[in-house]
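For reference, the structure discussed in these notes is given below.
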2 protein chains.
Amino acid sequence: MGVRVRNSRDDVVARALAVLDAYGLGDLTMRRLGAELGVRPSALYHHFPDKQTLLGAVADEVLARGLGGAPATPPGDLPWDGVVLEACRRVRDALLAYRDGAELVATVRAFGLGGAAALEEVAAAVATGGFDDDLVATASRALLHLVLGHTGEEQTHLQAQSVGAIGGEPRPDSDFDAAVGLLVAGLRATTPGARADA
Amino acid sequence: MGVRVRNSRDDVVARALAVLDAYGLGDLTMRRLGAELGVRPSALYHHFPDKQTLLGAVADEVLARGLGGAPATPPGDLPWDGVVLEACRRVRDALLAYRDGAELVATVRAFGLGGAAALEEVAAAVATGGFDDDLVATASRALLHLVLGHTGEEQTHLQAQSVGAIGGEPRPDSDFDAAVGLLVAGLRATTPGARADA
DNA sequence: ACCTGAACACCGTTCAAGT
DNA sequence: ACCTGAACACCGTTCAAGT
């Protein structure tokens with residue numbers, strides 16, 4: 001019943017998010033999104049030069065909604081390794097909040113058109129440990145690969161299950177923490193001087 | 001000038017590998033592959049039920065060619081951490097040997113139709129350290145995510161450069177070793193009793 | 001065992017033109 | 001500032017029929 005108004009760029013991104021969550025990344029097409037907005041697909045090219053750029057904006061919105069509120073480094077004086085684990089969990093939760101969220105962010109990162117906030121979140125946490133810049137960069141990239149890979153698998157299985165599917169092992173939630181913990185332990189061991197915490 | 005013969009399943013996979021390497025994953029379409037074989041696209045469905053299954057077979061062939069010859073665990077008595085690093089490097093080299101190799105293997109693993117050899121290679125190496133089964137599983141998955149993520153980025157940059165592109169930082173080769181080394185160090189630290197080597 | 005021919009239901013993108 | 005209409009050059013997949 002709403003009056004039919006013309007769509008702003010933000011309207012397009014918001015609607016894309018809804019289509020993503022309802023139908024998945026594979027069905028988030030320019031034609032379908034146009035139809036959902038009551039508009040021809042060509043109208044979308046007024047806001048975005050191509051689909052990749054649109055997807056980049058959608059991925060950034062997923063991350064903004066999931067990470068936006070809380071500060072990258074929490075107020076309490078957690079030890080650095082606790083801060084890192086929490087950052088990884090926040091990124092994971094942000095990805096799990098939308099269907100195919102992990103795959104979307106991995107994709108847009110691959111063509112360099114979005115998803116930067118995910119790496120920034122992790123890097124800010126790692127920097128808390130007082131490591132030198134090269135190590136922060138290496139560890140953050142490695143942790144993000146872990147988060148994206150692990151969450152992508154987890155999301156695939158969750159979505160397969162919710163369709164009532166095969167019923168393979170449900171993959172314990174704790175395996176994410178274990179994987180991240182392994183890398184954090186390596187970080188701790190690699191630089192024996194770096195336990196700047198409680 | 002070869003006589004035009006009918007194509008076996010292996011012919012199709014071999015030709016798909018050639019198309020992949022020459023034109024990339026995005027241009028590896030059923031129609032293009034058919035044309036390359038001198039055949040209508042529908043003929044391919046005699047060998048494969050769908051494109052995903054074909055891609056799974058192509059990914060398995062990439063891994064078989066890259067990992068096939070050498071045994072999973074080398075003859076010399078390397079310490080377990082050396083064995084793990086070598087396994088990760090072998091998988092990485094296998095992926096780098098074909099255009100978009102990392103993206104291909106990541107994709108087919110996501111829909112569960114191939115690429116199992118990559119995880120097996122890493123898991124066999126980790127098992128060498130004498131860890132219990134859960135830890136082997138967790139560490140192997142984490143290491144493979146590192147290898148796929150890192151190699152995927154590296155490959156994107158290498159291919160962008162070879163097109164004569166932007167010329168961002170070339171990403172030192174040693175960062176792969178550093179990332180894997182971080183996780184291996186965590187593995188070493190997590191289980192204080194496990195240094196079953198020289 | 002392998003292939004054709006023809007169709008079905010889609011894609012992303014461009015561009016002149018409208019309001 | 002936003003949208004239409006129409007086109008271009010593609011996709012994956014199915015299926016009856018041929019050899």
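Here is the naming used below: chain letters follow the sequence lines, and residue numbers restart at 1 for every chain.
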*Figure out the CZ/P separation between B/Arg31 and D/dA9, and round it to whole Å.*
14 Å
_d(NZ, A/Lys51; P, D/dC10) in whole Å_ = 18 Å
_Using the side-chain contact (heavy atoms from CB on, under 4.5 Å) criterion, which residues pair with A/Ala178? Sequence neighbours excluded._
A/Asp175, B/Thr138
*Atom OH of B/Tyr45 and atom P of D/dG12: how far apart are they, to the nearest Å?*
6 Å
*Starting from P on D/dC8, measure out to CE on A/Met30 and report it in whole angstrom.*
21 Å
_Pairwise salt bridge (Lys or Arg N to Asp or Glu O under 4.0 Å) hits with a residue in residues 43-53 of chain A, at least two apart_ = none
*When the distance from CG of A/Asp50 to C1' of C/dT13 is rounded to whole Å, what number comes out?*
9 Å
_Residues forming a side-chain hydrogen bond (donor to acceptor under 3.5 Å, both in side chains) with A/Asp11, sequence neighbours excluded_ = A/Ser8
*Selection: residues 17-26 of chain A, any non-hydrogen atom under 4.0 Å of DNA chain D*: none
*Quick one: salt bridge (charged side-chain N to carboxylate O under 4.0 Å, His left out) partners of B/Arg9, sequence neighbours excluded?*
none
*Kindly express the pairing pattern of DNA chain C in dot-bracket notation, using | wherever a base pairs with another strand and counting only Watson-Crick or G-U pairs under 3.5 Å.*
||.|||||...|||||.||
*Between C/dC8 and D/dC11, how far is it from one C1' atom to the other, in whole Å?*
12 Å
*Could you give the distance from CG (B/Asn7) to CG (B/Leu37), rounded to the nearest 0.5 Å?*
4.5 Å
*asked:* Under the rule for side-chain hydrogen bond (donor to acceptor under 3.5 Å, both in side chains), what residues qualify as partners of A/Asp177, not counting sequence neighbours?
replied: A/Arg89
*Residues which pass side-chain contact (heavy atoms from CB on, under 4.5 Å) with B/Ala185, listed by chain and number, not counting sequence neighbours*: A/Thr190, B/Arg188
_Partners meeting side-chain contact (heavy atoms from CB on, under 4.5 Å) with B/Leu17 (sequence neighbours left out)_ = B/Leu20, B/Val58, B/Glu61, B/Val62, B/Arg65, B/Tyr98
_Length of the line joining B/Leu54:CG and D/dT13:P, which is rounded to integer Å_ = 10 Å
_For B/Thr29, give me all partners under side-chain contact (heavy atoms from CB on, under 4.5 Å), at least two apart in sequence or on another chain._
B/Arg31, B/Arg32
*Quick one: which of C/dG12, C/dA7, D/dT14 gets closest to the side chain of A/Thr29?*
C/dG12
Side-chain donor/acceptor pairs under 3.5 Å, residues 100-114 of chain B, sequence neighbours excluded:
unit_1: B/Asp100; atom_1: OD1; unit_2: B/Gln159; atom_2: NE2; d: 3.1
unit_1: B/Asp100; atom_1: OD2; unit_2: B/Leu25; atom_2: N; d: 2.8
unit_1: B/Thr107; atom_1: OG1; unit_2: B/Glu103; atom_2: O; d: 2.7
unit_1: B/Arg109; atom_1: NH2; unit_2: A/Glu153; atom_2: OE2; d: 2.9

Which protein N or O atoms sit under 3.5 Å from an N or O of nucleotides 1-3 of chain D?
unit_1: D/dA1; atom_1: N3; unit_2: A/Arg6; atom_2: NH2; d: 3.0
unit_1: D/dC2; atom_1: O4'; unit_2: A/Arg6; atom_2: NH2; d: 3.4
unit_1: D/dC2; atom_1: O2; unit_2: A/Arg6; atom_2: NH2; d: 3.3
unit_1: D/dC3; atom_1: OP1; unit_2: A/Asn7; atom_2: N; d: 3.0
unit_1: D/dC3; atom_1: OP1; unit_2: A/Asn7; atom_2: ND2; d: 2.9

_Taking atom CG as the centre, does B/Asp133 end up with more than 12 heavy-atom neighbours from other residues, nucleotides or ligands that are less than 6.0 angstrom away?_
no
